[in-house]
Amino acid sequence: MMIQVFGVPIQALLGQLLIGLINGSFYAILSLGLAIIFGLLNIINFTHGAQYMLGAFAAWMSLTYLGVNYWVGLILAPLIVGAFGILMERLMLRRLYHLDHLYGLLLTFGLALVLEGVFRQLYGVSGLSYTIPDIFQGGVNLGFMFLPYYRAWVIVASLTVCFATWFVIERTKLGAYLRAATENPELLQAFGVNVPLMITLTFGYGVALAGFAGVLAAPIYQVTPVMGSNLIIVVFAVVVIGGMGSILGSIVTGIALGLIEGMTKVFYPEASGVVVFVIMALVLLLRPAGLFGREK
Amino acid sequence: MIARGKNSLLIGAALMLVILLIAPHLFYPVFLMKVLCFALFACAFNLLLGYVGLLSFGHAAFFGSAGYITAHMVKALDFNPVAGILCGVVVSSLLGLVIGWLAIRRSGIYFAMITLGFAQVIYFLSLQLKFTGGEDGIQGVPRGTLFGLVDLTDTMSMYYFVMVIFLCGFWLIYRTINSPFGQVLKAIRENEPRARSLGYDTDRFKLMAFVISAALSGLAGGTKSLVFQLASLTDVNWHMSGEVVLMTLLGGMGTIFGPAIGALLVVTLNNYLAGFGSWVTIIIGAIFVTCVLAFRRGIVGEILEKVRTWPTRGKG
């Protein structure tokens with residue numbers, strides 16, 4: 001017997017919802033990273049997409065050239081990407097804090113072009129594939145749909161990282177410092193906290209999140225130099241929709257938009273590429289500060 | 001001081017006209033037409049970034065969509081070139097009205113992200129709509145004849161046609177900047193709450209500036225599609241939005257001639273590096289980084305600053 005929802009077989013619907021949930025987890029990790037960075041540095045990191053790509057390439061390169069396995073790659077790649085971010089903050093971004101925020105956007109945009117260009121020069125635009133680690137080969141038949149193990153792992157891993165980040169920021173002393181630095185960095189520094197170091201490490205962490213997402217994505221999508229640039233535009237829209245005021249808000253918005261995108265693929269495939277932007281337009285009309293945003 | 005500024009501007013304008021008239025005899029005219037189209041595009045963009053302080057990261061939407069409309073009107077519906085370009089301008093202005101109306105609800109970096117998002121919608125539409133020809137674009141667009149008199153398939157006639165369009169657009173931007181309306185725009189750039197407290201409806205001024213900028217970007221894009229007889233996805237891509245930002249930044253944002261000079265440099269660079277694969281992207285990115293870190297006034301801006309501080313330094 002075939003169960004149908006609005007004339008669509010339930011298998012197709014659930015399959016697309018699964019893909020939507022996976023995309024949504026990536027939106028969530030990436031917009032979370034952007035929100036943390038924005039909170040403390042007041043810049044929008046345009047390099048975020050390129051750093052996601054860098055994470056995927058770091059995992060692919062360490063597997064291909066050094067034979068490093070997936071699990072080590074999952075730790076190693078974010079560290080490499082995070083270290084790159086720390087260098088970037090120390091050498092370049094630091095010089096721009098006294099200027100208009102737009103310069104931060106322009107600088108990171110330029111860096112994104114450089115990174116994308118370098119990898120395109122080295123590896124071309126055709127995708128490289130990263131084989132799914134043995135332990136996640138195959139999947140389970142849930143009766144109503146087939147769930148590949150690796151996809152389940154991606155959802156679990158990204159949600160775990162998102163909620164761990166939320167917990168640290170909202171429920172621990174370190175997070176309290178972070179929130180204080182977002183509100184009033186001068187006052188916190190006056191209490192003896194090393195705010196510049198905190199800013200550097202926060203940027204490194206936000207960027208490492210992008211690298212982590214890149215490694216998770218490597219076995220699902222093709223590893224290509226342009227994998228980040230189209231994604232980042234959607235993630236920007238997610239950030240506008242959610243508003244950057246709340247950590248939990250960016251996680252929830254990311255996942256919800258991924259699911260909505262998946263649903264659109266079932267019912268009206270032509271619009272699946274633009275549905276996020278249409279929602280962005282609606283949010284701007286009805287609640288310009290974003291669903292979870294506060295007007296600054 | 002004002003008299004000197006006016007004089008140097010007159011000299012600049014005269015110099016530009018002479019260069020524009022001599023250049024096609026020395027350089028390849030198609031290359032020059034490309035420079036002129038991008039120069040107009042960059043000047044239109046600068047109206048928004050340099051004089052209102054709004055960074056749009058989606059201006060390719062206006063440039064590219066006008067290109068598609070012009071190409072379609074001229075090729076499929078046998079419009080004459082001027083009417084075709086005007087259709088392009090009308091469509092890009094309407095797009096500017098809608099996108100601008102939504103985007104000015106937020107400011108700063110949100111504004112940049114929102115315009116980028118809407119430009120991506122235009123990109124998807126260009127990829128999927130029937131008349132745009134998907135990946136192929138609209139090819140073999142006829143240039144036609146101007147008012148039934150001047151044959152635009154002749155390269156030199158086309159050059160002068162493009163030159164006149166550029167000069168009209170440039171003059172319009174100059175007039176806008178130096179009008180009372182332009183003064184209000186600058187006031188908004190410097191201090192928006194104060195402009196509002198003086199009784200100006202700042203959102204309306206921002207929207208008007210956005211529409212003018214979108215219309216002139218459309219003028220540039222429509223003209224470019226006639227020059228190359230092609231409308232393609234390259235012109236609606238976000239890379240194009242980034243390139244026009246770079247032209248303005250490199251030449252000098254908020255200066256009158258800066259964006260045109262930036263356009264000349266970026267187009268030249270693109271032409272020379274066309275055969276070197278991704279090196280164009282790498283070098284353009286590197287110029288971005290250098291400009292932001294070391295060179296924020298841009299070429300013309302730095303020169304103006306030198307001229308301004310020169311007498312005092314001479315005395316000291």
Side-chain angles (χ1 to χ4, degrees), chain A residues 34 38 42-44 46 91-92 95-96 99-122 124-125 225 229-230 232-241 243-244 270-274 276-278 280-282 284-285 288-290 293 295-296, chain B residues 49 53-58 98-99 101-125 127-129 189 237-239 241-243 245-246 248-249 253 273 276-294 296:
Chain A
L34 283 177
F38 179 78
N42 264 319
I43 62 159
I44 264 294
F46 218 123
L91 297 177
M92 297 179 181
R95 296 156 191 260
L96 302 177
L99 298 168
D100 196 315
H101 307 330
L102 294 179
Y103 286 109
L105 179 74
L106 294 175
L107 180 91
T108 50
F109 176 72
L111 280 175
L113 287 183
V114 172
L115 281 176
E116 194 185 306
V118 166
F119 277 90
R120 221 163 54 192
Q121 192 64 29
L122 293 174
V125 281
S229 52
N230 290 322
I232 195 65
I233 301 178
V234 180
V235 173
F236 279 168
V238 171
V239 162
V240 173
I241 293 167
M244 285 190 282
E270 290 81 5
S272 62
V274 298
V276 173
F277 303 110
V278 173
M280 176 173 85
L282 288 175
L284 284 171
L285 279 175
E295 203 68 73
K296 267 203 178 172
Chain B
L49 177 61
L54 292 174
L55 171 60
S56 155
F57 236 102
V98 176
I99 295 179
W101 179 65
L102 287 165
I104 56 168
R105 285 154 197 267
R106 303 302 305 268
S107 56
I109 45 179
Y110 280 100
F111 184 85
M113 292 192 285
I114 292 164
T115 42
L116 180 64
F118 287 131
Q120 196 71 355
V121 175
I122 303 297
Y123 177 80
F124 276 119
L125 287 177
L127 193 61
Q128 286 175 351
L129 286 177
R189 178 190 65 186
N237 197 294
W238 59 270
H239 273 282
S241 299
E243 245 168 60
V245 179
L246 180 65
T248 309
L249 187 69
M253 60 172 106
L273 292 176
F276 291 93
S278 303
W279 280 104
V280 190
T281 319
I282 300 173
I283 290 174
I284 282 186
I287 299 176
F288 246 109
V289 173
T290 320
C291 277
V292 173
L293 285 178
R296 280 182 288 273

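All chains are named by letter (A, B, ...) in the order of the sequence lines, taking the proteins before the strands, and each is independently numbered beginning at 1. From a predicted model like this one, the values you see are computed outputs, not experimental measurements.
The distance from the CZ atom of Arg296(B) to the CG atom of Asp100(A) is 11.0 Å, given to the nearest 0.5 Å.
Side-chain contact check for Leu107(A) versus Phe288(B): every heavy-atom pair is 4.5 Å or farther apart. Side-chain contact between Tyr110(B) and Phe236(A) is absent, with no heavy atoms from C-beta onward closer than 4.5 Å. No side-chain heavy atom of Ser278(B) sits less than 4.5 Å from a side-chain heavy atom of Phe119(A). Contact check for Gln120(B) versus Asn230(A): side-chain heavy atoms found under the 4.5 Å cut-off. Contact annotation: the side chain of Leu113(A) approaches that of His239(B) to within less than 4.5 Å [non-hydrogen atoms, C-beta and beyond]. Side-chain contact between Leu284(A) and Trp101(B) is absent, with no heavy-atom pair separated by less than 4.5 Å. For the pair Leu106(A)/Leu55(B), a side-chain contact is recorded, criterion being any heavy-atom separation below 4.5 Å from C-beta on. Counting only heavy atoms from C-beta outward, the side chains of Leu285(A) and Arg105(B) approach each other to under 4.5 Å.
For the options Ile43(A), Ile44(A), Thr108(A), heavy-atom pairs under 4.5 Å to chain B are most numerous at Ile44(A). When each of Val239(A), Leu99(A), Val276(A) is checked for heavy-atom pairs under 4.5 Å with chain B, Leu99(A) comes out on top. Your options are Glu270(A), Glu116(A), Met280(A), and the one with the most heavy-atom pairs under 4.5 Å with chain B is Met280(A).
Between Trp238(B) and Ser229(A), the closest heavy-atom pair is CZ2-CB, 3.3 Å. Closest approach of Gln121(A) and Phe276(B) over heavy atoms only: OE1-O, 3.8 Å. Taking all atoms of both residues into account, the shortest heavy-atom contact from Gly53(B) to Leu102(A) is O-CD1, 4.2 Å. The two atoms that bring Val289(B) and Gly110(A) nearest to each other are CG2-C, 4.0 Å, heavy atoms only. When all heavy atoms are compared, the tightest approach of Leu293(B) to Leu96(A) is CD2-CD2, 4.4 Å.
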Evaluate side chain to side chain contact (heavy atoms under 4.5 Å, CB included) for Ile282(B) paired with Arg120(A), printing each intermediate quantity in order.
CA-CA 10 Å; Ile282(B) 300 173; Arg120(A) 221 163 54 192; over 6 Å; no

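Contact annotation for Val121(B): both backbone and side-chain heavy atoms come within less than 4.5 Å of a heavy atom of chain A. When heavy atoms are compared at a cutoff of 4.5 Å, Ala281(A) approaches chain B by way of both its backbone and its side chain. Contact of Phe277(A) with chain B is made through backbone and side chain together, with heavy-atom distances under 4.5 Å. Ile287(B) does not touch chain A: none of its heavy atoms, backbone or side chain, sits under 4.5 Å away. Of the atoms belonging to Trp279(B), heavy atoms from both backbone and side chain fall under 4.5 Å from chain A. For chain A, the nearby part of Phe57(B) is the side chain; its heavy atoms alone come within less than 4.5 Å.
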